[in-house]
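Here the structure is laid out as structure tokens; the discussion comes afterwards.
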Amino acid sequence: MADNARAKKLADLIREVVAQKLQRGIKDPRLGSHVTITDTRVTGDLREATVFYTVYGDDEDRENAARGLESAKGVLRSAVGAAAGVKFTPTLSFVADALPENARTIEDLLDRARASDAAVREASSGAAYAGEADPYKKPGEDEDEGSASA
């Protein structure tokens, strides 16, 4: 079992090598400037690596990038093996990162909350207090009211 520091170093190396190879070494038009490697995680035994990626574009671009990464998996693993110099090169699996979709969902929720706040602010702009502006009695007010009515 490898230590966590070694797994972290290998994960960082894999992320860098895969990103560089996608930018410069693979001629697949489905990949290239559309794909961004966001994170890499390696199992404790250094046998499997999960590479997280995002794709700039629509759903068709995402599907094409997924197919392109699957077809380039062997070339990318060979490049990682040459750069890492480990006894066993980890198998690579590519997973689309859900972070952009989660961020978009949060932004949509925040936009709805802002719209709701604006509607409440607009509805309350002409409103008046239900009672007096200062509902608390001050010392000595009861005496003044009693003497004024007598």
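What you see below is based on every heavy atom in this structure, not just the backbone, and it leaves out hydrogens, waters and symmetry mates.
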- Can you find a heavy atom in the side chain of V18 that is under 4.5 Å from one in the side chain of V80?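 A side-chain contact under 4.5 Å exists here.
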To the nearest 0.5 Å, what is the distance between [atom1] on [X] and [atom2] on [Y]?
X    : Y    : atom1 : atom2 : result
D12  : D39  : CG    : CG    : 9.0 Å
L109 : R114 : CG    : CZ    : 11.0 Å
K8   : T40  : NZ    : OG1   : 8.5 Å
E63  : D58  : CD    : CG    : 9.0 Å
K21  : L76  : NZ    : CG    : 8.0 Å

Can you list everything that forms a side chain to side chain donor-acceptor pair (under 3.5 Å) with [X]? Sequence neighbours excluded, please.
X   : value
K9  : none
R67 : N64
S71 : R30

For residues 47-55, run the donor-acceptor check on the side chains, cut-off 3.5 Å, and write out each pair with its distance to 0.1 Å, sequence neighbours left out.
none

- side-chain hydrogen bond (donor to acceptor under 3.5 Å, both in side chains) pairs, two or more places apart, involving residues 73-84: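 Matches after skipping sequence neighbours: E70-K73.
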[X] to [Y] - nearest heavy-atom pair and separation:
X   : Y   : value
D61 : Y56 : OD2-O, 4.1 Å
L13 : A84 : CD2-CA, 3.4 Å
V17 : A83 : CG2-CB, 3.6 Å
A65 : V35 : CB-CG2, 3.8 Å

For a quick test of your reading: what N or O donor-acceptor pairs under 3.5 Å do the side chains of residues 117-125 make, sequence neighbours left out?
from : atom 1 : to   : atom 2 : distance (Å)
S124 : OG     : V120 : O      : 3.1
S124 : OG     : R121 : O      : 3.2
S125 : OG     : E122 : O      : 2.9

- Item | side-chain contact (heavy atoms from CB on, under 4.5 Å) between L69 and L22, worked out | CA-CA 9 Å; L69 286 170; L22 286 176; 3.9 Å; yes
- Item | Note: R104-D108 ion pair, threshold 4.0 Å (strictly below) |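 Answer for the salt bridge query: no.
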